[in-house]
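Read the structure below first, then the notes.
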Amino acid sequence: MGSASSSYRVIYLDVEGRIQKVVFSRFCSPCDIKELFCTALGVPRNTNLSLLDSTGAMVSIDPTMPHNTERSPYRVVPLTGGQLADKEELFQNVLTQVAEQFSRAFKINELKTEVTNRLAMLEKRVELEGMKVVEIEKCRNDIKKLREEMTSRNNSNFLEDNKKLTPRRDVPSYPKYHLSKETVEALRLPTFDAWQWEPNEMLSCLEHMYHDLGLVRDFNINPITLKRWLLCIHDNYKNNPFHNFRHCFCVTQMMYSMICLCSLQERFTQVDVLILMTAAVCHDLDHPGFNNTYQVNARTDLAVRYNDISPLENHHCAVAFQIFSQPDCNIFSTFDPESFKQIRQGTITLILATDMARHGEILDSFKQKVDSFDYTDEEHSTCLKMVLIKCCDISNEVRPMEVAEPWVDCLLEEYFMQSDREKAEGLPVAPFMDREKVTKPTAQIGFIKFVLIPMFETVMKLFPQIEEAMVQPLRESRDRYEELKQIDDAMNEVQKMKSENLTMKKK
């Protein structure tokens, strides 16, 4: 099971007899960590490395590598060209053969099939040849780069599209975990700690939610299709610091807890509940880690495709229904065309509602309806569902501090990645995303006070039972961050006075 005790890892390296301490985020990719080690070793960043422990055993370079100490540092050994020649020749041959196929662009269907098959054979060969752990990781990174390079060279994006349409070839069906009584009960609460669960376990928890809510039974969903669909969903979330599969799980689990806590099955139809859960699962599919503002300012393909109108949310919807278009992943296959149209429209409406640019518009509409709310009015019902998914999407601060705070670190890391790119590309930078201007307290106080609390307090008018479980934790979180800001301000003032005194003494 995962742990959120720290957002950073510390590893000690033996660099020519000198102990080098290396600190990195546990959300770094293996490639980023390897480049960090190269810098510590004083070799070019693209140098291939072998990492050995005190017994001489190979250690995988990734965020989950075993912890060590100054007394047991890892030894870093650059790999020579001869060790990599065979593997490089293997990839060069594949690249050469693929390049030849582009000369026959008029046979695009054959090209799609051939390239996909070659990649599958390459992936299989990497596993069957029993390469060392480090080499396997490097090969997988090269395969990923090959996919990206070929996608960028072909406007049809057939590799990327194919990836989204079928479940992963290299992931076996995840085991059916037996959820304990304690876990089943915890899943129904907003306090659930998702950091303690591995992806396969989270997939089993999602599967349990669909069964527990009666959706599998009532709509005759094939349990195997449900499993395949969830696997495909997992594969189509990118490994971003924040907008990743764990975020998808947290949003869906919060929706599940609100359905249970607010007895929504007594107020909504089962179709509505199915739409709420499915929209939560799909709401950030294939998120690139850069928000709508960046997409529009950088004039990305997504912004051009969707005319600058909620480009990410439109993309999430498109990927979701690309997946549903595959029979093996279509959990809606038993619905007649009219019912499917209703589910499709409902799901799209909810995912599009997660665009924060529409926050004021949606909340104002809900405030006008809440005092005389009518569940039989379709417009009222749709508005409530839009507000519910919005609540779940930004609900981290509802959870206990030890669960919520790591998410702030993840979000800021993603923000900083974007602002760094914006600076490099000469694009406008939002102050709340600038690493030189924002702190955790300043990032959270305004968001909690002016976005989260007003929205949850409005929902509380319909469901008073959420005050203790959701609204009160938000108020406590606001107070805690305000105290932290006061401490930061005081420390900054002391530092300022020290600097002024030093300046005066020099004069």
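Remember, predicted model here, so these are calculated numbers, not experimental data. If you read the sequence from its start, that first residue is 1, and numbering goes on from there.
Side-chain atoms of R188 do not come within 3.5 Å of backbone N or O of Y256 as any donor-acceptor pair. Counting only distance, with no hydrogens or angles, the side chain of N292 and the backbone of L312 share a donor-acceptor pair below 3.5 Å. Counting only distance, with no hydrogens or angles, the side chain of N314 and the backbone of S310 share a donor-acceptor pair below 3.5 Å.
If you check the side chains of E425 and N297, you find no donor sitting under 3.5 Å from an acceptor. One side chain, H283 or H247, offers a donor N or O that lies under 3.5 Å from an acceptor on the other. Residues E266 and Y375 bring no donor and acceptor atom of their side chains to less than 3.5 Å of each other.
Distance check: T278 OG1 to L215 CG gives 7.5 Å after rounding to the nearest 0.5 Å. Rounded to the nearest 0.5 angstrom, I343 CD1 and D272 CG are separated by 10.0 Å. In this structure, the separation between CD1 on I348 and CD on Q345 is 5.5 Å, given to the nearest 0.5 Å. Here the straight-line distance linking atom OG1 of T442 with atom CG of D488 works out to 8.5 Å at 0.5 Å rounding.
Applying the salt bridge (Lys or Arg N to Asp or Glu O under 4.0 Å) test to every pair with at least one member in residues 247-260, sequence neighbours left out, gives no pairs at all.
When the shell of 6.0 Å around NZ of K423 is examined, it contains more than 12 heavy atoms from other residues, nucleotides or ligands.
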* Evaluate the criterion side chain to side chain donor-acceptor pair (under 3.5 Å) for residue pair Q472 and E467; output intermediate values, then yes/no. => CA-CA 6 Å; Q472 189 55 35; E467 180 170 19; over 6 Å; no

